[in-house]
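Below, chains carry the letters A, B, ... as their sequence lines are ordered, and counting in each starts from 1.
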Number of protein chains: 2
Amino acid sequence: MFLRMEAARPRRNEARTRLLDAAVTVLRRQGYAGTTVEDICTEAGVTKGAFFHHFRSKDDLAVAAAGRFSEWLEALFERSGWRGHADPLDRVLAYVDFRIAIFRGAIPQYTCMLGMMVQETYATNPAIRLACEAGIRLHAAPIEEEIAAAMREHGVTGFTAGSLAVHIMAVVQGAFVLAKAVDGPDGAVETLRHLRRYIAMLFREKAP
Amino acid sequence: MFLRMEAARPRRNEARTRLLDAAVTVLRRQGYAGTTVEDICTEAGVTKGAFFHHFRSKDDLAVAAAGRFSEWLEALFERSGWRGHADPLDRVLAYVDFRIAIFRGAIPQYTCMLGMMVQETYATNPAIRLACEAGIRLHAAPIEEEIAAAMREHGVTGFTAGSLAVHIMAVVQGAFVLAKAVDGPDGAVETLRHLRRYIAMLFREKAP
DNA sequence: AGGAACATACCAACTGGTCGGTATGTCACG
DNA sequence: CGTGACATACCGACCAGTTGGTATGTTCCT
């Protein structure tokens with residue numbers, strides 16, 4: 001049997017990929033209810049027929065787009081090299097520093113699609129909510145790991161690595177909300193600096 | 001002439017008030033794009049005619065509802081008595097404690113309408129964005145005051161009162177996003193505990 | 001005082017446009 | 001030739017806003 005055909009699709013499903021990328025772009029800019037299926041089609045340069053050929057519904061696409069965004073986010077942080085430090089505490093701090101460095105350009109370019117979409121859909125679209133939750137958890141997992149390592153290495157106790165990872169996620173999401181409310185990143189950056197200081201203090205406290 | 005008629009309005013503007021209250025309830029639950037004008041009318045028990053008699057547009061109502069929510073929020077915190085402590089630092093901590101205590105019941109009952117709406121509308125409805133920003137700033141102002149007083153009284157420097165107030169707002173908003181993402185308040189409460197600890201540490205640091 | 005003139009508060013039915021989704025193609029390729 | 005990948009045309013539901021009306025004040029004039 002030679003039925004494996006995995007790689008036998010040169011430009012196959014090209015429209016699907018473009019739709020997904022377009023969805024991330026537009027959903028991030030306009031939110032879920034604020035974007036129409038045709039907005040996404042226009043951005044992708046395909047027609048509605050193509051859209052509903054590849055996705056059963058708008059909800060379906062939103063779930064897929066959440067996954068796509070999540071992958072993109074992980075790749076972005078992977079490339080940043082925040083885990084490339086000897087001391088795990090430095091890794092955690094480098095994560096926050098990279099978060100700060102990211103606040104450049106227009107608001108939709110640095111804010112989080114997952115946090116935005118989940119606010120709109122948590123009550124009405126369970127599948128989307130779950131996809132957003134999964135993306136956030138996936139992103140938080142390595143941070144929690146590094147925090148746990150740092151706590152071990154520095155002999156710090158008094159809180160759980162998970163709770164601090166959640167705290168970091170919350171501050172980041174809150175920073176995005178504020179940036180949108182005030183229409184600029186300045187306050188958001190200040191917030192992340194406070195977060196950085198907090199983490200540093202938590203670990204300096206127990207140092208000799 | 002007894003032309004004063006102030007109190008001579010038994011049911012004057014009753015519908016308007018009910019529409020505003022209904023708007024706060026429904027917008028908080030479903031967001032801006034997710035609620036129809038008729039949703040609000042149904043909740044208020046009036047017709048669309050009444051709605052458009054009192055408000056020029058859906059946008060117009062959203063702005064008014066933001067103001068209404070803001071008033072309600074200020075009254076809520078006023079009643080909580082968080083400013084009733086001798087030491088301004090205790091007041092700031094009491095604010096956070098009250099925020100923690102509030103996480104009860106269903107999600108729409110403890111989350112913030114302003115933070116939710118501004119995410120949806122910041123790019124498309126400048127008036128709504130501004131109303132949300134104003135509400136948040138109004139809420140942050142007394143906190144900033146108390147922080148400034150605490151810094152003075154405890155001789156703490158190294159950051160501005162404004163930036164810490166913004167940080168508190170961000171953590172609170174981020175906690176709401178997380179609560180919606182994971183469909184429960186537990187992580188959000190943990191986040192606020194971290195915030196509380198941070199504030200305590202900031203002021204303990206410089207103490208003798 | 002009394003009633004014409006006007007204003008306010010609300011209602012029910014409708015409209016014009018939008019949007020998610022469908023039905024029906026067409027065409028390339030294996 | 002038939003199947004997957006798209007395009008075109010269209011539908012029904014929904015929704016912000018309108019229209020035209022009624023009922024109940026309020027003001028002003030005589």
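Across all strands shown, B/T47 has heavy atoms under 4.0 Å from base atoms, whether or not it also approaches the sugar-phosphate.
Computed from coordinates, the A/D39 CG to C/dC19 P distance equals 7 Å when rounded to whole Å. Summarising the geometry, the separation between CZ on A/F52 and C1' on C/dG21 is reported as 5 Å, rounded to the nearest angstrom. Atom CZ in A/F51 sits about 16 Å away from atom C1' in D/dA5, given to the nearest Å. The separation between A/E38 atom CD and C/dG17 atom P is 16 Å, rounded to whole Å. Whole-Å rounding puts the A/D59 CG to C/dC19 P distance at 17 Å. Distance B/K58 NZ to D/dC15 P: 9 Å, rounded to the nearest Å. Rounded to whole Å, atom P of D/dA7 lies 10 Å from atom CD of A/E14. Here the C1' atom of nucleotide C/dC10 and the CZ atom of B/R16 are 15 Å apart, to the nearest Å.
How far CZ of A/R99 is from CG of A/L195: 11.0 Å, rounded to the nearest 0.5 Å.
Between B/F203 and B/F159, the two ring planes are perpendicular [angle over 60°; tilted spans 30° to 60°].
Mapped onto DNA chain C by nearest heavy atom, B/G49 and A/T36 fall at different nucleotides, with B/G49 at the one closer to the 5' end. Between A/H53 and B/K48, the residue anchored closer to the 5' end of DNA chain D is A/H53, taking for each the nucleotide with the nearest heavy atom.
Separation of the A/H139 and A/F69 ring centroids does not fall under the 6.0 Å cut-off.
For B/H54 and C/dA9, the shortest distance from a side-chain N or O to OP1 or OP2 is not below 4.0 Å.
Among D/dC6, C/dG20, C/dC11, the nucleotide with an atom closest to any side-chain atom of A/A15 is D/dC6.
Taking the ring axis of A/Y32 as reference, the NZ or CZ atom of A/K58 stays within 45° of it and closer than 6.0 Å to the ring centre.
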